[in-house]
Amino acid sequence: MTKTAMELIDVKKTIGNKDIIRGLSFEIRKGEVFGFIGPNGAGKTTTIRMMVGLMGLSGGDVRILGNSINSDYKSAIREVGAIVENPEMYPFMTGKQNLMHYARMMPRVTKERIQEVIELVGLEKPIKEKAGKYSLGMRQRLGIAQALLHKPSVLILDEPTNGLDPAGIREIRRYIRKLAEEENVAVIISSHLLSEIEQMCDRIGLIKNGEMIAIQDVNAATAETTDVGIEMEAAPVNQAAEILHNEHGINATVVNDRLSLHVERETIPKIVQTLVNYDIQIYQVVTTKSTLEDKFFDLIGENTIG
Ligand SMILES: Nc1ncnc2c1ncn2[C@@H]1O[C@H](COP(=O)(O)OP(=O)(O)O)[C@@H](O)[C@H]1O
Ligand SMILES: [Mg+2]
């Protein structure tokens with residue numbers, strides 16, 4: 001049995017005389033969470049609109065469980081659940097009534113399935129309340145529940161963390177992982193902020209100017225480099241920088257009474273030990289950037305993502 005849930009083959013989109021998507025090819029596997037990352041205007045939403053059949057392709061093909069969106073649209077689209085723009089809800093109906101309303105428009109959605117998706121996104125309690133009272137995070141979860149009603153093989157979410165606070169993002173992270181693992185759904189999640197979605201993804205694809213720049217296995221990226229960026233609050237800070245240079249050959253920069261440096265992870269306890277031996281006061285040591293962020297910054301140019 002194939003593991004591929006969705007495949008893009010040289011997908012192109014031209015609007016007017018502008019090449020917005022310039023030949024994208026990649027696949028998403030069953031049970032994986034694929035992060036679709038890129039700066040604003042990179043072409044994420046345009047690609048997603050083509051994946052879900054909201055927009056025609058100028059070239060190439062999208063195959064969902066092997067079904068071509070060009071030649072077998074109905075079979076292809078049956079396997080897709082998505083939230084592209086803000087999920088549509090009726091504020092005066094309860095969460096449950098909203099789901100029942102959508103279920104009536106789809107074939108073969110049972111009462112049991114409705115209950116199942118409510119539990120999947122953890123909305124058991126608020127489901128009896130009016131959707132108008134929901135927080136943004138709860139609305140997102142209700143939207144996802146709705147997109148899952150017909151048991152799609154692929155779930156596509158366009159910037160679902162937009163506007164969510166850190167607690168909301170943590171919550172999304174938890175049930176997205178659960179979905180991939182328990183329902184074997186292939187999840188595609190787009191964002192312009194790598195830091196917000198990195199932790200929930202198995203692989204990340206980086207898009208810029210309508211082209212895929214890199215596809216990276218998240219765990220492999222963390223395993224293959226041990227170099228980390230750290231910031232240290234230490235006093236006196238200039239003396240600390242000098243010691244690090246003399247004792248370890250490390251060139252730290254001093255910014256606002258803090259040291260900023262790159263070291264191998266194993267070196268961190270050693271430099272802390274050295275500084276303590278010299279009676280430097282250490283108030284804080286924090287890692288600043290993930291290795292994946294560093295890698296992507298190199299590929300795309302500083303400050304365009306994250
Ligand atoms: N209907 C359209 N007509 C012309 N240009 C468009 C249209 N939709 C999107 N674009 C352009 O395509 C590019 C990609 O947009 P979009 O897919 O929304 O990017 P992202 O979702 O990554 O921020 C942008 O330069 C945008 O201005
Ligand atoms: Mg977008």
Side-chain angles (χ1 to χ4, degrees), residues 6-28 33-62 64 69-70 73 76-77 80-89 136-137 139-141 143-144 146-147 152 154-165 168-169 172-173 176 186-198 200-201 203-216 218 292-293 295-306:
M6 179 179 239
E7 193 181 5
L8 277 74
I9 306 156
D10 201 24
V11 170
K12 292 180 179 146
K13 185 71 190 180
T14 307
I15 301 179
N17 56 6
K18 204 175 158 204
D19 294 328
I20 292 176
I21 303 299
R22 305 154 187 256
L24 280 188
S25 299
F26 61 99
E27 54 151 42
I28 298 115
V33 182
F34 185 92
F36 195 36
I37 287 282
N40 287 324
K44 302 180 296 295
T45 299
T46 305
T47 305
I48 286 173
R49 291 178 70 85
M50 290 190 279
M51 285 169 158
V52 304
L54 286 170
M55 194 184 240
L57 284 67
S58 304
D61 199 4
V62 175
I64 304 152
I69 205 157
N70 288 325
Y73 180 84
I77 230 61
V80 178
I83 310 182
V84 182
E85 267 88 44
N86 282 331
E88 293 266 327
M89 300 300 160
L136 184 59
R139 280 210 297 279
Q140 285 285 13
R141 278 145 67 188
I144 292 172
Q146 181 192 312
V154 180
L155 176 67
I156 304 177
L157 306 172
D158 194 16
E159 307 252 8
T161 55
N162 248 0
L164 289 183
D165 59 13
I169 294 170
I172 282 216
R173 196 177 286 155
I176 292 287
V187 185
I188 304 158
I189 180 165
S190 84
S191 179
H192 63 285
L193 292 171
L194 178 63
S195 56
E196 288 193 350
I197 67 159
E198 184 182 347
M200 67 180 113
C201 296
R203 288 191 305 148
I204 303 252
L206 182 65
I207 180 178
K208 188 185 178 188
N209 293 331
E211 283 176 305
M212 194 65 95
I213 308 277
I215 295 180
Q216 178 70 53
V218 173
L292 200 59
E293 251 175 305
K295 186 169 176 150
F296 279 178
F297 275 128
D298 288 346
L299 289 167
I300 204 167
E302 196 90 31
N303 292 332
T304 47
I305 51 168

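When a ligand or atom number is given, it counts from 1 through the structure's own listing order. For this chain, numbers begin at 1 and follow the sequence in order.
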>> How long is the straight-line distance from CZ of Arg139 back to CD1 of Ile144, given to the nearest 0.5 Å?
In response: 13.0 Å
Quiz: residues 15-22 side-chain donor-acceptor pairs under 3.5 angstrom, not counting sequence neighbours:
from	atom 1	to	atom 2	distance (Å)
Asp19	OD1	Thr14	OG1	3.2
Arg22	NE	Asn209	O	2.9

>> At less than 4.0 angstrom from any atom of ligand 1, which residues have a non-hydrogen atom? List them by chain and residue number.
In response: Ile15, Lys18, Ile20, Pro39, Asn40, Gly41, Ala42, Gly43, Lys44, Thr45, Thr46
> In chain order, what residues pass the side chain to side chain donor-acceptor pair (under 3.5 Å) check against Glu196, with sequence neighbours excluded?
Replying inline: Thr161
> Is Asn70 reaching over with its side chain to a backbone N or O of Gly59, donor-acceptor style, under 3.5 angstrom?
Replying inline: no
>> Are the side chains of Met51 and Thr47 in contact, using a 4.5 Å heavy-atom criterion?
In response: yes
>> Under 2.8 Å from the Mg ion (ligand 2), which protein N, O or S atoms do you find? Ignore water molecules.
In response: Thr45 OG1
> Is the backbone N or O of Asp158 less than 3.5 Å from a side-chain atom of Lys44, with the two atoms forming a donor-acceptor pair by type?
Replying inline: no
>> Quick check: do Met200 and Ile172 have side-chain heavy atoms less than 4.5 Å from each other?
In response: yes
> Could you go step by step and tell me if Ser25 and Asp10 meet the side chain to side chain donor-acceptor pair (under 3.5 Å) rule?
Replying inline: CA-CA 5 Å; Ser25 299; Asp10 201 24; 4.8 Å; no
> Going through the checks in order, is the side chain to side chain contact (heavy atoms under 4.5 Å, CB included) test met by Leu155 and Ile188?
Replying inline: CA-CA 6 Å; Leu155 176 67; Ile188 304 158; over 6 Å; no
